[in-house]
Amino acid sequence: MARLWKWAGIVFVLDQLTKILVVQILGLASRGSIDVLPPFLNFRMAWNRGVNFGMLSGDGDATRWILIAVALGISAWVVLWLRRERPGKRAMIAGGLLVGGAIGNVVDRLIYGAVADFLNMSCCGIDNPYAFNVADIAIFAGALGLIAFTGRRKKTP
């Protein structure tokens with residue numbers, strides 16, 4: 001479990017530091033956009049009140065608290081599941097990525113009322129209209145890792 005908490009902490013700190021740096025110090029919240037390496041990497045401020053790609057977004061306070069509860073519930077379930085199953089180190093790292101990312105986005109919802117998304121990447125003639133953050137990357141990678149690295153038990157004779 002130590003590996004899970006280590007990676008959750010790393011992701012959480014990295015996520016929050018990048019948000020402080022880009023959104024507050026570089027002033028993205030007021031500027032709206034900063035071209036870094038166009039079109040490959042740009043900072044585009046997006047306050048996400050919903051889940052991925054703004055789905056289930058609503059300006060109501062109830063939506064905010066429901067999404068906080070869901071994120072905390074899923075995080076708790078992942079931790080309990082991994083504690084019980086005791087999978088390998090890769091699955092524990094994946095769990096840490098998912099939990100750290102989820103908690104990072106929960107903190108955003110508590111502080112700002114919405115998740116601060118700012119990374120925008122486009123390539124090869126495809127203009128990506130969406131923004132995301134470090135927590136989103138970690139959640140996605142963690143979920144994929146849990147799928148890939150769990151569920152394979154050695155058969156005992």
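Heads up: numbering here begins at 1 and tracks the sequence.
In this structure, the side chains of F149 and M92 stay at 4.5 Å or more apart for every pair of heavy atoms. Using a 4.5 Å heavy-atom cutoff, the side chains of N133 and T18 are not in contact. Considering only heavy atoms from C-beta on, I137 comes within 4.5 Å of L119 through its side chain. The side-chain heavy atoms of K6 and I93, taken from C-beta on, include no pair separated by under 4.5 Å. Between S75 and I103, some side-chain heavy-atom pair lies under the 4.5 Å cut-off.
A ring-ring contact (aromatic ring centres under 6.0 Å, His included) check over residues 60-79, counting only residues at least two apart or in different chains, returns the pairs W77-W81. Residue pairs meeting the ring-ring contact (aromatic ring centres under 6.0 Å, His included) criterion with at least one partner in residues 103-125, sequence neighbours excluded, are F43-F118, W47-Y112.
A distance of 11.0 Å separates CZ in R3 from CZ in R90, rounded to the nearest 0.5 Å. Atom CG in L41 sits 10.0 Å away from atom OG in S122 (nearest 0.5 Å).
Checking N105 against D15 by side-chain atom types alone, no donor-acceptor pair falls below 3.5 Å.
Between N48 and R109, the shortest heavy-atom contact is O-NH1, 3.6 Å. Smallest separation of non-hydrogen atoms from P87 and T150: CB-CG2, 4.4 Å. The two residues L82 and M1 have their closest heavy-atom pair at C-SD, 4.2 Å.
Salt-bridge annotation for R44 and D35: present, with a side-chain N of the basic residue lying under 4.0 Å from a carboxylate O of the acidic one.
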